[in-house]
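Chain letters run A, B, ... following the sequence lines, proteins first, then strands; residues in each count from 1. Every value quoted in this text rests on a predicted model; they were computed, and no experiment measured them.
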2 protein chains.
Amino acid sequence: MSVGIRHDDLRRRNRAMVISAVRRAGQPSRTEIAATTGLSHSTISAISSDLIGEGILSESKAGEAVSLKRGRPQVGLALNPEAAAVLTVVLSLNFLSVAVIDYAGQVIAEEQRRLDTLTMPRDELIGECTAIVRRRLEDPDLDVQSIARIALAIQGITDSHARAMLWSPITPQTNIAFADILEAEFGIPATMENDCNMMAVALRWRDPNRYRDDFIAILLSHGIGMGLVLKGELFTGTHSSGGEFGHMIHRPGGALCRCGRRGCVEAYAGNYAIWRNARQMGEDAEPVADVSDADMRALAVRAREADGPEREAYRKAGEALGFGLGSLFALIDPAPVAMVGVSAGAFDLIEPALREAIAQTAGGQHSGSISFDTEPNELPLIREGCAMRALSFVDQEIFAPGIQAKPGKKDVA
Amino acid sequence: MSVGIRHDDLRRRNRAMVISAVRRAGQPSRTEIAATTGLSHSTISAISSDLIGEGILSESKAGEAVSLKRGRPQVGLALNPEAAAVLTVVLSLNFLSVAVIDYAGQVIAEEQRRLDTLTMPRDELIGECTAIVRRRLEDPDLDVQSIARIALAIQGITDSHARAMLWSPITPQTNIAFADILEAEFGIPATMENDCNMMAVALRWRDPNRYRDDFIAILLSHGIGMGLVLKGELFTGTHSSGGEFGHMIHRPGGALCRCGRRGCVEAYAGNYAIWRNARQMGEDAEPVADVSDADMRALAVRAREADGPEREAYRKAGEALGFGLGSLFALIDPAPVAMVGVSAGAFDLIEPALREAIAQTAGGQHSGSISFDTEPNELPLIREGCAMRALSFVDQEIFAPGIQAKPGKKDVA
DNA sequence: CAGTATTTTTTCGAGGCTCGAAAAAATAGA
DNA sequence: TCTATTTTTTCGAGCCTCGAAAAAATACTG
């Protein structure tokens with residue numbers, strides 16, 4: 001069951017804590033770290049001295065921060081960019097993108113590629129991914145010792161161990177153990193992440209004030225996805241990446257969903273559903289494979305111009321999202337929401353019906369106080385999330401090795 | 001943010017771990033504890049020697065376990081029943097029940113009382129609760145030094161800090177800070193728990209094989225409640241006890257719910273809803289205040305005898321529960337379910353429609369493999385859960401004091 | 001410009017904790 | 001009674017964190 005704390009875990013944990021304090025705060029002084037971690041100055045001094053000696057941290061040179069106070073000036077600690085590097089791979093519909101990130105989080109190389117994911121056979125899809133990674137790894141211009149970690153994000157369902165893609169809308173292939181494949185190919189630890197979870201991770205780094213312990217990132221794209229952070233931790237299902245918000249049931253037996261079932265939220269709010277309703281094709285019409293972002297933007301323009309089927313389509317999307325969020329709020333209580341993706345650009349069309357629907361649900365008491373942010377472009381977010389995730393792995397597992405995942409697992413009681 | 005690990009936390013954590021190992025395992029030997037916690041024999045020896053010296057543990061006398069092996073026989077460690085005692089209070093519709101539990105988990109005194117919670121004014125409701133607790137505390141027959149903790153469970157919504165009842169179906173009163181009231185009155189630390197959460201806690205202690213890391217306890221009673229354990233921890237909302245499964249939306253704009261909204265799962269599956277449908281009163285009919293368990297059982301008998309409105313009412317309940325569970329499973333993946341409460345006794349009438357509905361949802365792939373247990377009597381479960389919760393508090397906060405709630409809060413990344 | 005005040009960082013010894021190895025204790029079999 | 005075996009305790013070694021004091025580095029002051 002639960003496992004005791006060994007004596008050497010102590011140092012390792014506190015090492016990890018110092019590293020993470022530096023990553024979060026930018027250039028904190030030893031004193032600041034002592035304050036935020038609650039550890040003594042002596043401990044912080046010892047640990048940071050170790051970390052500097054190992055080339056993980058470095059003292060930020062020069063008094064760029066002109067100290068106005070008396071006394072010995074604080075010397076900031078920074079992550080040493082050369083301590084390590086990680087690689088991110090984002091696989092989305094017809095698009096593959098990789099980036100190499102240094103230890104301090106800066107992009108030092110990238111490559112992008114269009115490909116036809118929907119029709120590509122399994123081997124070719126895997127081959128494209130490994131090939132693009134190989135090109136980055138073998139690039140002579142890149143003077144990076146070695147890549148410490150690869151994080152790969154994909155639209156769709158991944159398993160809860162972050163090893164495999166189970167199902168994805170961007171390809172008919174299923175069960176591809178990308179993490180294992182990349183590890184076997186390059187001998188670099190890799191993980192397979194869900195795109196919406198990475199969005200949530202990135203939001204938390206971008207705006208820790210708004211997105212702290214509990215929040216929701218919803219991807220409004222061809223499909224509907226969700227990344228959920230609860231009590232400061234990414235929420236995943238018990239077996240899969242979970243959080244399949246788009247496939248909560250909005251209307252039992254209702255509109256035909258891309259997943260083959262009926263009445264899912266996505267079957268009203270996904271791009272294909274908005275498109276279908278705007279064109280008055282009927283709820284049983286087979287979902288189209290793809291609607292371009294340009295077409296969706298044009299649709300939104302028409303919806304804003306005049307009341308008609310386009311506007312009604314967005315209204316229905318808002319209603320489905322509202323009732324879905326209402327059900328979600330019944331379970332987790334209301335929390336800040338970020339709407340991401342092309343249809344987040346049409347949130348003005350969605351919001352009224354959404355709020356009206358939420359008001360009819362258990363979360364409705366606070367309907368007015370729930371705030372929505374919008375971010376029409378999901379790709380940068382996903383990339384950032386992957387980078388932070390990979391870097392955090394390096395922080396914790398490579399530079400503070402040996403920590404058990406969960407220390408003393410608390411009993412339920 | 002996150003807080004470092006101090007040196008003395010180490011001992012405290014490991015103390016708590018030993019206590020919890022003993023509580024879980026019954027009468028484990030030092031060697032067994034060393035094996036399950038991963039700590040060394042020397043450490044376990046030192047800690048258990050301390051704990052015995054403090055009267056928290058005791059060596060279980062006499063070789064009741066006739067050792068068949070060679071070698072020095074193991075000596076089992078047990079919780080010392082007299083180390084402490086806790087008090088549980090369960091407040092449900094028209095019924096108040098308290099029990100005093102010794103440190104080993106045995107009930108050593110109890111008292112129950114009928115009262116009219118629905119019409120009782122606020123002060124009187126609070127007064128009844130404090131009075132019954134006072135009677136138990138002042139009972140001269142009870143030779144318990146002192147009560148170390150009170151856990152009070154109520155049907156309804158509590159706040160996430162376990163201090164107050166926010167709303168309850170058993171009384172028109174709202175926002176009663178029972179935990180604070182009891183603490184002020186008796187000077188004993190108290191918590192206010194949600195009844196369904198306590199059911200989940202109890203199930204985990206009763207059958208740790210089936211109910212381990214991820215499971216769902218659903219209360220099928222006048223209302224519909226849920227206790228949810230995910231990744232080994234009780235799941236609560238961000239502000240409230242959360243998990244308001246009964247108020248997820250089944251059919252937007254549908255049947256009238258007791259909460260005043262429309263289309264909630266409860267508005268189809270709560271006793272009042274089954275009753276309303278069985279009597280063909282229409283979905284807009286005002287929910288009745290209470291249906292007796294006897295009436296519900298009679299209803300189930302009629303539903304089994306012949307196809308008619310009674311059977312149809314249970315079918316609709318099953319459908320609502322099935323779609324609700326389907327949406328829940330979309331978020332958390334399928335997990336074992338325990339159906340608790342009087343209508344769990346009619347689960348044979350509910351199950352077919354429930355499974356049919358689940359099969360139409362995202363959780364549906366595994367529809368067949370999802371297993372349901374039934375337990376018609378919720379009260380003993382709630383009481384047990386309260387007892388275990390209070391005892392665990394004593395284990396962790398009194399006998400291993402000073403532990404920070406969450407050690408190194410892991411970053412999302 | 002030297003001296004003082006102030007703040008940050010390092011150093012050093014004390015105290016605690018866990019660990020491994022060895023010793024002690026307690027039993028079954030020979 | 002002696003030996004093998006298993007459990008439990010004892011003891012010294014090695015770390016780790018902490019507090020206090022020292023050292024370092026700067027701004028102020030007259």
> Less than 3.5 Å between a donor and an acceptor, one on the side chain of Arg72(B) and one on the base of dT7(D), is that the case here?
Replying inline: yes
> Where do Asp395(B) and Tyr103(B) land on the side chain to side chain contact (heavy atoms under 4.5 Å, CB included) test, with the steps shown first?
Replying inline: CA-CA 9 Å; Asp395(B) 289 351; Tyr103(B) 189 57; 2.5 Å; yes
> Which whole-number value in Å describes the distance from Glu59(B) CD to dT7(D) P?
Replying inline: 15 Å
>> Within the 4.0 Å limit for protein heavy atoms, which parts of nucleotides 14-21 of chain C are touched? Write it as a string from 5' to 3', B for base, S for sugar-phosphate only, - for none.
In response: -BBBSBBB
> Less than 4.0 Å between a side-chain N and a carboxylate O, is that true for Glu384(A) and Arg204(A)?
Replying inline: no
> Would a 4.5 Å heavy-atom cut-off, applied to side chains only, mark Phe393(A) and Ile398(A) as touching?
Replying inline: no
>> The side chain of Pro73(A) is closest to which nucleotide in this list: dT8(D), dT8(C), dA25(D)?
In response: dA25(D)
> With a 4.5 Å heavy-atom cut-off, do Asp102(B) and Glu82(B) have their side chains touching?
Replying inline: no
> How long is the line joining CZ of Arg70(B) and C1' of dT3(D), in whole Å?
Replying inline: 7 Å
>> Can you measure Gln74(B) atom CD to dT5(D) atom P for me and round it to whole angstrom units?
In response: 17 Å
>> Run the salt bridge (Lys or Arg N to Asp or Glu O under 4.0 Å) test against Arg163(B) and tell me which residues pass, sequence neighbours left out.
In response: Asp180(B), Glu183(B)
> Taking only N and O in the side chain of Arg13(A), is any of them less than 4.0 Å away from OP1 or OP2 of dC16(D)?
Replying inline: no
> With sequence neighbours left out, what residues match Glu32(B) under salt bridge (Lys or Arg N to Asp or Glu O under 4.0 Å)?
Replying inline: none
>> Just the rounded figure in Å: distance from P of dA24(D) to CZ of Arg30(A).
In response: 15 Å
> With sugar-phosphate meaning primed atoms plus P, OP1 and OP2, does Ser45(B) contact a base, only sugar-phosphate, or nothing at under 4.0 Å between heavy atoms?
Replying inline: base
